[in-house]
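All remarks here apply to the structure that follows.
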There are 2 protein chains.
Amino acid sequence: MTIHKGIRTGGRSARVQQSVHAAVKKLLESHDRADVTVPMIAQSAGVTPSTIYRRWGDIATLLADVALERFEPDEHLPDTGGFRGDVLAYAELYLDEMSSDLGRSMLRDVVATDDNNCALRCAELITKRLVVLAERAVARGETPPSTAFLIDGIFAPMVYRILFSETAPDNAYIRTLVDRCLPAD
Amino acid sequence: MTIHKGIRTGGRSARVQQSVHAAVKKLLESHDRADVTVPMIAQSAGVTPSTIYRRWGDIATLLADVALERFEPDEHLPDTGGFRGDVLAYAELYLDEMSSDLGRSMLRDVVATDDNNCALRCAELITKRLVVLAERAVARGETPPSTAFLIDGIFAPMVYRILFSETAPDNAYIRTLVDRCLPAD
DNA sequence: CCATAAAAGCGAATTATTTGCGTTAAGTGC
DNA sequence: GCACTTAACGCAAATAATTCGCTTTTATGG
């Protein structure tokens, strides 16, 4: 008996996911995050609310899902010719994305989601990019520290302050964090 | 004109707050956090749901409020005779409180709350205790680093991992963080 | 005590969420 | 291609949560 029977996927998942995600993005441009409701999204996406509830469970999970997709694209990782410069540039980019009102509320949605899958994916987003930067550095003959060390030293404090402080951190603060982990030559 | 007119408090606020807080605590012992609803709390507290909605706005804010109260008591800050030991002991205490299922969901509630007052209060909780430890250290003739530095180096990474990782950090990890900020003599 | 203001109660109206059931769209194997 | 299987969806009814207008209670100041 061959095991790999190939799973039946069924359904119409792709199209619905696209239109719902698009609806969320559009609504978030014109409405405050707290004012966006599931029925509102459903109507804008041309689906019924029950579809959304069945698929995502609650609005926090849906918003987190959209947020993650938005950050995935990973267009252009900076390339400054050195590991320290790359990390600093990426950290500033990340700060820029996450310290806006929209970015902050996305982070909150990601954290608030029941199953912490979203949070995991969010954290991996940083890890994966740091790995890319580190591989580049190794190829150049540098010996970068571990990604865990950089997350502890740079990204964790940044995210902490975005989530818990009144005012978002600025680039000067980021530079201080980077200096601690990666002393300039 | 004397300024201090004494504000009108009106209502029955104190009693209601107490019974609602108590109801939340009791319910969280027997129910999963996601299963606790506002009407449920209201009934258990002997008030109407609308009272809770008017006073706290939503369930996240209420749960965050209760969570913060729970952590305030600040019974016994460790006193090990040295700043490094004190910080390590407090960090381990904090980890113990926050890495449980209940602690984690409290952190999430605090972060998810709309007005970030709760998050501010939560962060100040750490700051205030570190200040106490630092004052003690100064009185002993030590010269401790700033609280901001310790938060960046120890508490931010700890909270980051509690919120974003699959598995909570352990004491060994905390010790590593402390070692980085406060090298042993 | 009386006036006042803040907070809470009550219940109806509104909205959001869950659920059951029939239907439809995709993938699978022949 | 064609039948078959299954996950995903729409619809609508049922349930639950949230908001709203109005009344009542309580603490405080005069």
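The chains referred to below are lettered A, B, ... by the order of the sequence lines, with proteins before strands, and numbering in each begins at 1. Note that this is a predicted model, so its numbers are computed, not measured.
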| message | Could you report the tightest heavy-atom contact between B/P145 and B/L150, atom names first, then the distance? | response | CG-CD2, 4.0 Å
| message | Using whole Å, what does the distance between atom C1' of nucleotide D/dA17 and atom CH2 of B/W56 come to? | response | 17 Å
| If you check the B/P39 side chain, which of D/dA17, C/dA16, C/dG9 turns out closest? | D/dA17
| Is it true that B/D179 and B/R84 have a side-chain N and a carboxylate O under 4.0 angstrom from each other? | yes
| said: Does a side-chain N or O of A/T51 approach OP1 or OP2 of D/dG10 to a distance below 4.0 Å, or not? | reply: yes
| message | On the nucleotide C/dT18, are OP1 or OP2 found under 4.0 Å from the side-chain N or O atoms that A/R54 carries? | response | no
| task | Grab the CD-P distance between A/Q17 and C/dA26 for me, whole Å please. | result | 15 Å
| Picking from C/dC10, D/dC11, C/dA16, which would you name as closest to the side chain of A/T48? | D/dC11
| said: So that I can tick it off, tell me whether A/D152 and B/R161 are bridged by a salt bridge, with the cut-off set at under 4.0 angstrom between side-chain N and carboxylate O. | reply: yes
| Out of C/dA8, D/dC9, C/dA26, which has the shortest distance to the side chain of A/R55? | D/dC9
| query | How close or far is atom P of D/dA17 from atom CG of B/L62, stated in whole angstroms? | reply | 14 Å
| query | Is any side-chain N of the basic residue among B/R121 and B/D65 closer than 4.0 Å to the acidic one's carboxylate O? | reply | yes
| request: Could you state the atom-to-atom distance from CD1 of B/I41 to P of D/dA16 in whole Å? | output: 16 Å
| task | Let me know the distance between CD of A/Q18 and C1' of D/dA8, rounded to the nearest Å. | result | 16 Å
| said: I need the CG-C1' distance between B/D58 and C/dT15, as an integer number of Å. | reply: 16 Å
| Separation of C/dA16 P from A/M40 CE (nearest whole Å) | 7 Å
| note | Note: for B/S50 and A/I59 on DNA chain C, the residue whose nearest nucleotide lies more 5' is B/S50
| query | How long is the line joining CD of B/Q43 and P of D/dA17, in whole Å? | reply | 11 Å
| message | Quiz question: by atom type and distance under 3.5 Å, do the side chains of A/Y94 and A/R129 form a donor-acceptor pair? | response | no
